[in-house]
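Everything on this sheet refers to the single structure shown next.
Only heavy atoms go into these numbers, but all of them, side chains included; no hydrogens, no water, no symmetry mates. Order of the sequence lines sets the chain letters (A, B, ...), proteins ahead of strands, with each chain counted from 1.
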2 protein chains.
Amino acid sequence: MAPDSAGTVGKALELLTCLGSFPHGASASQLAQRVDYPFSTVYRLLNTLVSTGYASFEPETKHYRLGLRVFQLSHQVANARGLNGLALPVLETLTAATGESSLLSVLDGERHLTVHKVDGPQFRITTDPGDHGPLHTTALGKTLVAFSAPAHREHLVTTLALPAQTPRSITDRATFVAEIERVRERGWATQDEENDVGMAALAVPVVAPGGRLLAALAVAAPVFRRSAQELEEFLPALRDAARQLALQLPPR
Amino acid sequence: MAPDSAGTVGKALELLTCLGSFPHGASASQLAQRVDYPFSTVYRLLNTLVSTGYASFEPETKHYRLGLRVFQLSHQVANARGLNGLALPVLETLTAATGESSLLSVLDGERHLTVHKVDGPQFRITTDPGDHGPLHTTALGKTLVAFSAPAHREHLVTTLALPAQTPRSITDRATFVAEIERVRERGWATQDEENDVGMAALAVPVVAPGGRLLAALAVAAPVFRRSAQELEEFLPALRDAARQLALQLPPR
DNA sequence: AACCAGTTTCCATTATTTGAAAGCGAGATG
DNA sequence: CATCTCGCTTTCAAATAATGGAAACTGGTT
């Protein structure tokens, strides 16, 4: 488990990932600076990425951006893992019932990855599908940690960095351990201005019939309308939606 | 203009692409066989892909599949290129108006890549977002060729392979050249059982204000309900929808 | 208990990547 | 108009990192 020893391929993939953080593309020199590899290395790697369709190159601006192959492949992932639109109606129903935004996330390494969201009628949430979020300051994250396989949970709980996102974030390990334990006991997690000032959320796990954790489902609202505690009245609706999702998502 | 895809990185990316063709994952040996690299090479590459999140590995089945990073990155592509859900309502309106399925595709190398589709109420189309299709046997493909930049169009028209998909497919180069020219003159393309037996389609280009080709938009129907010619009555609705899309999609 | 198909690890060989430096433009400056 | 400057592109000897055959390993089957 060494900190990944970057070979050539590792560099290429890191570069590709880095390309993703420039929505409007970037020049070879910008990218070289960002990933901190020698310029000519980056230049050559970019050519390879372009020739395989993973990146595209605009001659007029000399900018590189992510290519269509990424888009195409993602549909395979989405279909195979049930991250495609099929889950959306459940979130829409949930939002209709609660009047607040719904979010569906999965565990992705040491962060959570938002898969779907449906904005409430009153409020647009800043998290979008494809966005990552921390595990220790979000209702979704806490839920995903609390209900992942014991070994993995242990690993996360003890090694996760706990930087503060807001003054209310949990930054103390003992407190975090206790919080996760509480989430496990209750079966749901909250977040009260721990990730964004002014926002609260309530999340429950989506577990397959076999007991395996598939995702986490949350309702989020601005605190001026619903306090974290008031959100708890949505628990039955949330659990119901999670149950439906569990049947719909592929078991593994 | 190096057609070579040699190089370690090229192999890794080809392997990644190959993974995309196994929706339910594949074992290392299956993949090695498919891409025809030595087994140990494939094995090492797979490890790198997994450690970067581009692939995931299920220890219980020893199967590899595409990882969440692909999904995450694709949202960057989709947002930057207007391939996200924003275009969908236009297709939905079109399908509501015509009663037939709508499709939106972009040019991806020597194929077209379907970005969105909306099924008609009577019929489910077999093409899905993320699917590739040939350029010479589809209305979408012909349109994309006919309205791409002159130099590129020339290249495609003269070098594309023209394999038959059905008995009606265009397989003769001269015929194809003439067909593309006709599409350019009329401003729209049809397909009459040239790609799938029993299906016809009508497509128009989506061109940015600057004249640059952005995508192609099509209506498709089974011929027993609408002949290719009967589809032409939808031209005004199609053009209208294409105009709306042109304003909505980002200019480049 | 021996067998087999697939997976994981190892290592000497060698091809591949590397990155400084030298060409190119194209746009800015004197 | 000549010169400078900055960023993109290509080259090439040095050395690093990929290669792939083979051997150890696993676990399921005859």
Determine: side-chain N/O of [X] to OP1/OP2 of [N], distance under 4.0 Å, yes or no.
X	N	result
Tyr43(A)	dT10(D)	yes
Thr8(B)	dT17(C)	yes
Ser29(B)	dT7(C)	yes
Ser27(A)	dC8(D)	yes

>> Measuring from atom NE2 of His116(A) to atom OG of Ser105(A), what distance do you get when rounded to the nearest 0.5 angstrom?
In response: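 Atom-to-atom, His116(A):NE2 and Ser105(A):OG are 10.5 Å apart.
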
Could you state the atom-to-atom distance from [atom1] of [X] to [atom2] of [N] in whole Å?
X	N	atom1	atom2	value
Leu45(A)	dT9(D)	CG	P	15 Å
Lys11(A)	dA17(D)	NZ	C1'	10 Å
Leu15(A)	dT18(C)	CG	P	11 Å
Phe39(A)	dA22(C)	CZ	C1'	15 Å
Glu60(A)	dA26(C)	CD	P	15 Å
Phe57(A)	dG7(D)	CZ	C1'	12 Å
Glu58(B)	dT7(C)	CD	C1'	16 Å
Leu46(A)	dT17(C)	CG	P	15 Å

Closest nucleotide among [options] to the [X] side chain:
X	options	result
Thr41(B)	dT19(D), dT7(C), dT10(D)	dT19(D)
Lys62(A)	dG21(D), dC8(D), dT18(C)	dC8(D)
Ser40(B)	dG19(C), dA17(D), dG20(D)	dG20(D)

Is the closest basic N to carboxylate O distance between [X] and [Y] below 4.0 Å?
X	Y	value
Arg182(A)	Glu185(A)	no
Glu14(B)	Lys11(B)	no
Arg184(B)	Glu181(B)	yes

> Which sits closer to the 5' end of DNA chain D, Tyr64(A) or Arg44(B), going by the nucleotide each is nearest to?
Replying inline: Tyr64(A)

>> I'd like to check His132(A) versus Thr114(A) (side-chain heavy atoms, cut-off strictly below 4.5 Å). Are they in contact?
In response: no

